[in-house]
Amino acid sequence: MAAVTQKFFIDGPAGKLEVILGEPESVPRGIAILAHPHPLHGGTMDNKVVHTLFTTLLALGFITAKFNFRSVGKSEGAFDHGIGEIEDVMAVTQTVRDQFNAAHSADLPLLLAGFSFGGAIQLHAAERLIPEFLILVAPSVVNLNAPEIPEATKYALIIQGDQDDIVIPGDLLAWATPQSQPIVFIPGAEHFFHGKLALLKQVILQSFSPQI
């Protein structure tokens, strides 16, 4: 049986939010919620890095949801400089967890994933949700004053291109150093990982698969 993907809307804090959710072929290993790049710079849930995260996590057996932040695509509301966008993550996560935890009569492990602006938003959301897993691709930790990874998070995977001129590698290292958080660098990759998406998927499969 093939993985099932569906599109729907949920009630968010500022209006309806557009969501795409995939269910794996196998018994799910957890729930993954994905966040996209900056809404004012063309970021949507259809971004190629977000799509790569979506298909990879679905293949790894996670019930996987990506969504458009408020004001993006068919999601309602106005851009809220990260504050409201954190609340959007909370709303989507709660809705998906309520549905699938009840269906499986268990609290499935939570994974938060995000790219760029979405990565930093997920770090803020992680302070409240305390996910078991984090996968962050070039998270813009400086612009959004991102917090450290929660101590209770079981495993965090941070992936960065060494040629990124938007999220500067040195800035990410300065954020990671005090918490001794490893970063996986992809040589030759810039911010949007042009020509490196297959390698990005391979890194996630090789680094993250042993952790679940």
Side-chain angles (χ1 to χ4, degrees), residues 3 5 20 22 24-26 28-38 43-67 89 108-123 125-126 131-144 146 148-150 153-212:
T5 302
I20 291 178
E25 302 175 36
S26 56
R29 290 179 167 179
I31 293 170
I33 308 295
L34 278 54
H36 68 70
H38 204 295
T44 77
M45 66 175 171
D46 296 322
N47 171 273
K48 290 182 179 180
V49 173
V50 175
H51 177 73
T52 299
L53 286 167
F54 183 86
T55 57
T56 304
L57 291 170
L58 191 54
L60 283 169
F62 282 80
I63 297 163
T64 305
K66 61 180 181 175
F67 69 98
V89 170
L108 296 169
L110 177 64
L111 185 155
L112 297 181
F115 169 45
S116 194
F117 171 89
I121 290 294
Q122 293 292 41
L123 282 165
E132 280 82 358
F133 307 109
L134 276 167
I135 298 180
L136 308 175
V137 180
S140 52
V141 294
V142 171
N143 292 345
L144 285 167
E148 293 186 352
I149 293 162
T153 292
K154 178 181 174 183
Y155 180 74
L157 174 62
I158 315 292
I159 305 172
Q160 174 73 22
D162 72 341
Q163 299 300 309
D164 194 330
D165 61 356
I166 295 176
V167 173
I168 306 303
D171 291 343
L172 188 59
L173 281 167
W175 167 83
T177 297
Q179 52 190 313
S180 299
Q181 171 60 47
I183 300 173
V184 177
F185 280 92
I186 295 183
E190 42 67 83
H191 188 64
F192 293 99
F193 290 82
H194 294 306
K196 304 289 186 181
L197 292 174
L199 184 54
L200 176 63
K201 181 173 185 175
Q202 182 182 351
V203 167
I204 295 170
L205 291 174
Q206 291 180 347
S207 301
F208 181 61
S209 295
Q211 308 299 324
I212 56 176

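Here the CG atom belonging to Leu112 is positioned 9.0 Å from the CG atom belonging to Leu34, to the nearest 0.5 angstrom. Here the CH2 atom belonging to Trp175 is positioned 4.0 Å from the CD1 atom belonging to Ile149, to the nearest 0.5 angstrom. From Lys66, atom NZ reaches atom CD1 of Ile33 across 13.0 Å, with rounding to the nearest 0.5 Å. How far CG of Leu205 is from CG of Leu60: 5.5 Å, rounded to the nearest 0.5 Å. Of the inter-residue distances, the one linking Leu111 atom CG with Arg29 atom CZ reads 12.0 Å to the nearest 0.5 angstrom. Note: Leu136 CG to Ile121 CD1 = 11.5 Å, rounded to the nearest 0.5 Å.
Residues Leu157 and Ile204 approach most closely at CD2-CA, 4.1 Å, considering heavy atoms. The nearest pair of heavy atoms linking Asn47 to Val49 is OD1-N, 2.8 Å. Counting all heavy atoms, side chain and backbone alike, Lys154 lies closest to Phe133 at CD-CE2, 3.8 Å. A pairwise comparison of heavy atoms in Leu57 and Ala113 identifies CD1-CB, 4.2 Å as the closest pair. Nearest heavy atoms, Pro131 versus Leu110: CB-O, 3.5 Å. Pro169 and Phe185 make their closest contact through CB-CE2, 3.8 Å (heavy atoms, listed as atom of the first residue, atom of the second, distance).
Put simply, the side chain of Gln160 gets close to the backbone of Val167: a donor and an acceptor are under 3.5 Å apart. Side-chain atoms of Glu190 come within 3.5 Å of backbone N or O of His194 as a donor-acceptor pair. Looking at Gln181, its side chain does come within 3.5 Å of a backbone N or O of Ala156 through a donor-acceptor pair.
Between His191 and Phe115, the distance separating the two ring centers is shorter than 6.0 angstrom.
The shortest distance between side-chain heavy atoms of Leu108 and Phe62 does not fall below 4.5 Å. Here the side chains of Pro37 and Val50 are in contact, with some heavy-atom distance below 4.5 Å. Within the 4.5 Å cutoff, no side-chain heavy atoms of Phe193 are placed close to those of Thr52. Ile31 has its side chain out of reach of Pro109: every pair of non-hydrogen atoms, C-beta onward, lies at least 4.5 Å apart. In this structure the side chain of Val141 never reaches within 4.5 angstrom of the side chain of Asp171, judged on heavy atoms. Annotation: side chain of Leu134 is in contact with side chain of Leu123 (closest heavy-atom distance under 4.5 Å). Side-chain atoms of Tyr155 and Ile212, non-hydrogen and from C-beta on, never get closer than 4.5 Å to each other.
The aromatic rings of Phe117 and His38 lie tilted to each other, with the angle between the two planes from 30° to 60°.
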